[in-house]
Protein chains: 2
Amino acid sequence: MTTIKDVAKLAGVSTATVSRVMNGTGYVNPSTKEKVNSAIKQLDYRPNDVARSLYKGKSKMIALFVPDIMNPFFPELARAVEDVTNQHGYTFILCNTDDDFEKEQTYLNALQQKSVDGIIIVSSTITKELVGKISTPIIALDRIIGSNISSVTVNNREGARQAVQHLKSVGCKRIAHICGPEHVSNTAKRLKGYLDEVKNEDWFLSSYIVPGEYNFETAVQATKKLLTDHTEIDGIFVWNDLMGIGALKGAEELGINVPDELSIIAFDGITVGETTTPSLSTMAQPIYDIGTQAAEMLLEQINNSGYKTKREEFTVQLIERQSTRKRG
Amino acid sequence: MTTIKDVAKLAGVSTATVSRVMNGTGYVNPSTKEKVNSAIKQLDYRPNDVARSLYKGKSKMIALFVPDIMNPFFPELARAVEDVTNQHGYTFILCNTDDDFEKEQTYLNALQQKSVDGIIIVSSTITKELVGKISTPIIALDRIIGSNISSVTVNNREGARQAVQHLKSVGCKRIAHICGPEHVSNTAKRLKGYLDEVKNEDWFLSSYIVPGEYNFETAVQATKKLLTDHTEIDGIFVWNDLMGIGALKGAEELGINVPDELSIIAFDGITVGETTTPSLSTMAQPIYDIGTQAAEMLLEQINNSGYKTKREEFTVQLIERQSTRKRG
DNA sequence: CGCATTCATGTAACCCATTACATAAATAAT
DNA sequence: ATTATTTATGTAATGGGTTACATGAATGCG
């Protein structure tokens, strides 16, 4: 590797002058600048970012924590963050935490040791205490960590309400809910939204609420059990799209036609929802925008010393597809 | 941040001794070691990896290039690479290249400047010339870059042959192929496999081969056109699962029943294929294993100076699902 | 006992870029 | 003409580790 010394020698100046030319700082005589630039070109010199990082204490890298990139909600988020990151000359680090507190701790240490400039975190397990100990800028994404940590989320409760309202509007009379994983805060919020809409209906039974894992197969089983136990159900609001597709499958395996006999709506708006038959109605999150926003907030927090905690909430949007249809 | 100097001072030794204790190198008196360790614990000292990287010229980071993490083939690959990476104390960098040569160049420069230890590349656009200029260890994944660059791939041609054989075995008499994107080398390989099986059939027409983009929607359209132009077709081998799901949708929109009237098989074995109705038969790649293998080869290349170029080929496996079925 | 190892630890160079500080020349202001 | 500024460039400290080399004590061996 060629170093700044090689350039300095070839150009016949000191390394300080080369550095000044590289960074456009301080005074440099135009003719000197030219000599230096030509030396840089001639040697194809590129500065060592590690040395730069060491001096500056900043690495031009940012990280994203997701539970698991294989969960189809996260690739689009990751893509958005990486795009912004990349546009601003930062390098993008991806960490799969499995919502495991120890893994999160280990990652956090490793990243601090590498002088990573900021971290975007999607986590249900991480604590404000752990994050509070750290001086690295952090943004909470999809889920809130603590009151003094900026966050980007969506209106889960209101979105859930709208989903149930939509089921009602297409004529559903008995609406069930398949919940998400217990430890995820959004699970409770979407459940609340569902309850807002159904708890005062005379038909409502608490057994219309069934627990689910974050998982296709268990959603299939949960749906089959629900529809077998309660043949009167004609609408299901499912916690997320992945599980919604499971519900579609479950109904199909029971020979129940969607949407003629049963309407299904889910939450998230991931791409696969478009591809199934029937395609899946959903409360779509603006996933890419959410990721972009989080990344931009993080960069702002990194670069503006006067940054103050922010809380950004996006709204979800009903996308009506084939799995919900007005009944005569 | 506490530094090695703080530890040295507290323990009453030199920084060299602290370093020796940290790294287990050289001679250290047991009692000294204890003093140092207790100082480290007391100060909660963690070494600055940037300083370490600068001296060593290594960063303990590896990167993965994928065209686009939103393409459902790549999250599982990324997960596998990150898992191995993480197990060995490396940090994982993700780069979305969009198969854009300029982006690839920019990433490559940035990563070199950061002393990244190795790179795993999935790319159809990158050239051996570009990669050859670089001393950083590189593994080509899914697609081959050049003869002196190690690679991990699958038996695309043979897999394609088996896919067509399977369609024949369930009774298909007229088998078409929807191709992948032109610039991807696997497109040609899978096409060859298809041709191996059909070019000598008396029913074979070159118009049974239709081009496709890497994309759900165009696959839907391509399928509809194909099945409209050639009503005799009763089997389609589709380049990959994403497009296979599009084919499913296309047939459905024409009112053609899969698998009663038409069998469809695709390639890759991504998870969504299980969730559709009918579920999609496919030639499954061992995606996670491929990623693991690539990551392990990369680490080997990083750590063993005597490493020599390797070429690893995995075999794909037929997974029979509902989209292909024996006809009476 | 005397020389050769092994053990133990410290000093200082090194990795490479950035910048505070010093110095000197050129230009501006009085 | 003389002092104050601006311009231009170099020297050396800095960031935080690692390690080559030096030195001295302790142990081994003939």
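Just so you know, these numbers come straight off a predicted model, no measurement behind them. So you know, we letter chains A, B, ... as the sequences are listed, proteins then strands, and number each from 1. Below, each value reflects all heavy atoms present in this structure, side chains not excepted, and no hydrogens, waters or symmetry copies.
The residues B:D99 and B:R143 are annotated as salt-bridged, a charged nitrogen and a carboxylate oxygen being separated by less than 4.0 angstrom. Here B:D49 does not pair with B:K56 in a salt bridge; the nearest charged N to carboxylate O distance is not below 4.0 Å. At a threshold of 4.0 Å, the pair A:D68-B:R79 counts as salt-bridged, since one of the basic side-chain nitrogens sits closer than that to a carboxylate oxygen.
Put simply, NZ on B:K60 is 13 Å from P on D:dT18, counting in whole angstrom units. Atom-to-atom, NZ of A:K5 to P of D:dG10 comes out at 15 Å; the value is rounded to the nearest Å. Atom CG in A:L54 sits about 12 Å away from atom P in D:dT18, given to the nearest Å. For the pair B:N48 CG and D:dG16 C1', the interatomic distance rounds to 6 Å; values are reported in whole Å.
Residue B:S14 is classed as a base contact, given a heavy-atom separation below 4.0 Å to a base. If you check every strand for non-hydrogen atoms under 4.0 Å, B:V18 touches nothing.
Residue order along DNA chain C, read from the 5' end via each residue's closest nucleotide, puts B:N29 first among A:R46 and B:N29.
A donor-acceptor pair is defined here as one N or O able to donate and one able to accept, closer than 3.5 Å; such a pair exists between the side chain of B:R311 and the backbone of B:S147.
Partners of A:Y307 under the side chain to side chain donor-acceptor pair (under 3.5 Å) rule, at least two apart in sequence or in another chain, are A:S150. B:N148 is linked by a side chain to side chain donor-acceptor pair (under 3.5 Å) to nothing, counting only residues two or more places apart in sequence or in another chain.
At the phosphate of D:dA8, neither OP1 nor OP2 sits under 4.0 Å from any side-chain N or O atom of A:T32.
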Side-chain polar contacts of residues 100-108 of chain A - donor-acceptor pairs under 3.5 angstrom, sequence neighbours left out - could you list them?
{"from": "A:D100", "atom 1": "OD1", "to": "A:E102", "atom 2": "N", "distance (Å)": "2.8"}
{"from": "A:D100", "atom 1": "OD1", "to": "A:K103", "atom 2": "N", "distance (Å)": "3.2"}
{"from": "A:K103", "atom 1": "NZ", "to": "A:N96", "atom 2": "O", "distance (Å)": "3.0"}
{"from": "A:K103", "atom 1": "NZ", "to": "A:D98", "atom 2": "OD2", "distance (Å)": "3.3"}
{"from": "A:E104", "atom 1": "OE1", "to": "A:T125", "atom 2": "OG1", "distance (Å)": "2.9"}
{"from": "A:E104", "atom 1": "OE1", "to": "A:I126", "atom 2": "N", "distance (Å)": "3.3"}
{"from": "A:E104", "atom 1": "OE2", "to": "A:S123", "atom 2": "OG", "distance (Å)": "2.5"}
{"from": "A:E104", "atom 1": "OE2", "to": "A:T125", "atom 2": "OG1", "distance (Å)": "3.2"}
{"from": "A:T106", "atom 1": "OG1", "to": "A:E102", "atom 2": "O", "distance (Å)": "2.8"}
{"from": "A:Y107", "atom 1": "OH", "to": "A:N96", "atom 2": "O", "distance (Å)": "3.4"}
{"from": "A:Y107", "atom 1": "OH", "to": "B:E82", "atom 2": "OE1", "distance (Å)": "3.2"}
{"from": "A:Y107", "atom 1": "OH", "to": "B:E82", "atom 2": "OE2", "distance (Å)": "2.4"}
{"from": "A:Y107", "atom 1": "OH", "to": "B:N86", "atom 2": "ND2", "distance (Å)": "3.3"}

Solution key, residues 5-12 of chain A side-chain donor-acceptor pairs under 3.5 Å, sequence neighbours excluded:
{"from": "A:D6", "atom 1": "OD2", "to": "A:T3", "atom 2": "N", "distance (Å)": "2.7"}

Review item, nucleotides 19-22 of chain D N/O atoms under 3.5 Å of protein N/O:
{"from": "D:dT19", "atom 1": "OP1", "to": "B:K56", "atom 2": "NZ", "distance (Å)": "3.4"}
{"from": "D:dT19", "atom 1": "O4'", "to": "B:Y55", "atom 2": "OH", "distance (Å)": "3.2"}

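Defined by atom type and a distance below 3.5 Å, a donor-acceptor pair is present between the side-chain atoms of B:Q285 and B:D268.
Think of the region where chain B sits on DNA chain C: with heavy atoms and a 4.0 Å cut, that region ends 5' and 3' at C:dT6 to C:dC16.
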